[in-house]
Amino acid sequence: MSKKAIITGSSSGIGYQYAKYLSKQGWYLDLISQDQKRSKNSEENLSYEKANFHVYDLGLKESINSIINTIDVPDLIVANAGIAINGVIGELNPDEKEYYYYLMCGGVIDLIEGYVPEMIKKGSGRIVIISSIGATTAMPKSSLYSSIKAGIHAYGRSISSELKNENISVTVSLPGYVRTNAHKRAGLNHLERKVPNWMWVNPEQVVKETEKASLRGKSEIIPGSVYKLVRPFLNFKPAMRAWRNLTKRS
Ligand SMILES: NC(=O)c1ccc[n+]([C@@H]2O[C@H](COP(=O)([O-])OP(=O)(O)OC[C@H]3O[C@@H](n4cnc5c(N)ncnc54)[C@H](OP(=O)(O)O)[C@@H]3O)[C@@H](O)[C@H]2O)c1
């Protein structure tokens, strides 16, 4: 029997490629994103009869509650929806901060915890969380983003260990720069020119490596060989200086 996945942030980038990847294997898909028009476009592009498309603002608690109440427990959750947040310290107002935290951390936890009891009853399940390499290194002018991604990374790592005996795997993916719409949407177009080519990974590669790691029950994956190589050095001063120069935000 075909398996069933819920993917958040499925209208573009990594989430869309995840949906495409699983569609080739015959999965049933519940695909969630926020913007009606982009959802429709992704539906036309994916053109896959085993997919249901849902429109929710995942920065709101009632959306998560509604999803849990209306969509049956899946075999795989891909918690991917998110946006790049750019801004110097103190720039965002408290409501914005709360909203972003819920979208990429609190809401992800609520979504997972809404389904985990059923997964435990079933005796199986997989959870994939798309965090960021920014969870592990300083990101000046994106400190909120970095802290949110660090929070969800820590949560994922912890429940990965906690759920091992329940036959539920939890994998946190920590991508570096991925060629998607994220930077343009955040007004960071200049990064597409400034960040050198070798630092970009394609969303297809992120999905391939993340899915492989999840199937192997790995708790963490850093997609792309460049990032695997530099990760141990990212918190050394010279490496951090070089990283900052290459990725400076305007
Ligand atoms: N691109 C990178 O360099 C990079 C690096 C590390 C980690 N990541 C992470 O990867 C994940 C996917 O990003 P991406 O790069 O693939 O960006 P993307 O192409 O902009 O896709 C983002 C997806 O998230 C959805 N989304 C955003 N806000 C939402 C909301 N409030 N409610 C529901 N859905 C929402 C978008 O839906 P709509 O189209 O409806 O807005 C879209 O489907 C994010 O969590 C991001 O932080 C990206």
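In each ligand, atom 1 is the first atom listed, and ligand 1 is the first ligand listed. Side chains included, hydrogens not; waters and symmetry mates left out as well; all remaining heavy atoms used.
- No cation-pi contact links Lys4 to Tyr28, judged by a cut-off of 6.0 Å to the six-membered ring centre and 45° from its axis.
- Checking side-chain atoms of Glu166 against main-chain N and O of Ser124 turns up no donor-acceptor pair under 3.5 Å.
- Using cut-offs of 30° and 60° for the angle between ring planes, the His54 and Tyr56 rings count as parallel.
- Scanning all protein heavy atoms for the shortest distance to atom 33 (C) of ligand 1 gives Tyr56 O, 3.2 Å.
- At a 4.0 Å heavy-atom cut-off, ligand 1 does not touch Pro203 at all.
- Residue contacts with ligand 1: His183 is included, with a non-hydrogen atom under 4.0 Å away.
- Summarising the contacts of atom 45 (O) of ligand 1 with Asn80, Ile129, Ile130, the nearest heavy atom is found in Asn80.
- Ser214 places no side-chain N or O within donor-acceptor distance of the main-chain N or O of Thr210, the cut-off being under 3.5 Å.
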Side chain to side chain contact (heavy atoms under 4.5 Å, CB included), that's the test. Do Ile67 and Leu111 meet it? Break it down for me. CA-CA 8 Å; Ile67 291 166; Leu111 183 75; 3.9 Å; yes

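- Any N or O atom pair closer than 3.5 Å counts here, and Ile14 shares at least one such pair with ligand 1.
- Given atom 25 (C) of ligand 1, the protein heavy atom at minimum distance is Gly9 CA, 3.5 Å.
- Atom 7 (C) of ligand 1 has as its closest protein heavy atom Ser131 O, 3.1 Å.
- Looking at Ser142, its side chain does come within 3.5 Å of a backbone N or O of Ile85 through a donor-acceptor pair.
- Taking distance alone, with nitrogen or oxygen atoms compared against 3.5 Å, Trp200 stays at or beyond that limit from ligand 1.
- Taking atom 14 (P) of ligand 1 as the reference point, the nearest protein heavy-atom neighbour is Thr180 OG1, 3.4 Å.
- No donor-acceptor pair closer than 3.5 Å links the side chain of Asn202 to the backbone N or O of Gln205.
- Geometrically, ligand 1 and Met104 share no nitrogen or oxygen pair separated by less than 3.5 Å.
- The Asn181 neighbourhood of ligand 1 comprises atoms 19 (O), 20 (O), with distances under 4.0 Å to a heavy atom of that residue.
- The shortest contact between atom 43 (O) of ligand 1 and any protein heavy atom is with Ser11 OG, 2.6 Å.
- A donor-acceptor pair under 3.5 Å is absent between the side-chain atoms of Thr8 and the main chain of Ile32, judged by distance alone.
- The closest donor-acceptor contact from the side chain of Ser158 to the backbone of Ala154 lies under 3.5 Å.
- Which parts of ligand 1 touch Tyr177 is read off a 4.0 Å heavy-atom cut-off, strictly below it: atoms 3 (O).
- The Arg38 neighbourhood of ligand 1 comprises atoms 38 (P), 39 (O), 41 (O), with distances under 4.0 Å to a heavy atom of that residue.
- The closest approach between Tyr145 and ligand 1 falls below 4.0 Å for a heavy atom of the residue.
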Tyr102/Ile64 under side chain to side chain contact (heavy atoms under 4.5 Å, CB included): CA gap, chis, key distance, verdict: CA-CA 10 Å; Tyr102 194 75; Ile64 300 292; 3.7 Å; yes

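- Ligand 1 has at least one atom lying under 4.0 Å from a heavy atom of Lys149.
- In summary, the atoms of ligand 1 found under 4.0 Å from a heavy atom of Ser10, numbered by their order in the structure, are 43 (O).
- Closest protein heavy atom to atom 29 (C) of ligand 1: Gln34 OE1, 3.6 Å.
- For atom 22 (C) of ligand 1, the closest non-hydrogen atom on the protein side is Gly82 O, 3.5 Å.
- Distances from atom 35 (C) of ligand 1 to the heavy atoms of Ala81, Ser132, Ala135 put Ala81 nearest.
- Side-chain atoms of Tyr48 come within 3.5 Å of backbone atoms of Trp27 as a donor-acceptor pair (strictly under, hydrogens ignored).
- Remark: the backbone N or O of Val170 is paired with a side-chain donor or acceptor of Ser160 at under 3.5 angstrom.
- Salt bridge status for Glu118 with Lys121: present, with a side-chain N to carboxylate O gap under 4.0 Å.
- For Ser39, the closest heavy-atom approach to ligand 1 does not fall below 4.0 Å.
- The shortest heavy-atom contact between Ser132 and Lys149 is CB-CG, 3.8 Å.
- For the pair Tyr99 and ligand 1, a heavy-atom separation below 4.0 Å is found.
- Between Ser173 and ligand 1 there is no heavy-atom distance shorter than 4.0 Å.
- Asn80 contributes a side-chain N or O that, together with a main-chain N or O of Gly9, makes up a donor-acceptor pair within less than 3.5 Å.
- Atom numbering of ligand 1 starts at 1 in the shown order; those under 4.0 Å from a heavy atom of Gly13 are 16 (O), 19 (O).
- The atoms of ligand 1 that sit less than 4.0 Å from any heavy atom of Leu58 are 30 (C), 31 (N), 32 (N), 33 (C).
- Considering backbone and side-chain N/O of Gly15, none are found under 3.5 Å from N/O of ligand 1.
- Side chains of Tyr16 and Thr180: no donor on one and acceptor on the other come within 3.5 Å.
- Residue contacts with ligand 1, taken as heavy atom pairs separated by less than 4.0 Å, involve Leu103 solely via side-chain atoms from C-beta onward.
- Short contacts between ligand 1 and Asp35, defined as distances under 4.0 Å to a heavy atom of the residue, involve ligand atoms 38 (P), 40 (O).
- No donor-acceptor pair under 3.5 Å is formed between the side chain of Lys20 and the backbone N or O of Glu204.
- For atom 21 (O) of ligand 1, the nearest protein heavy atom (residue, atom name, distance) is Ser12 OG, 3.1 Å.
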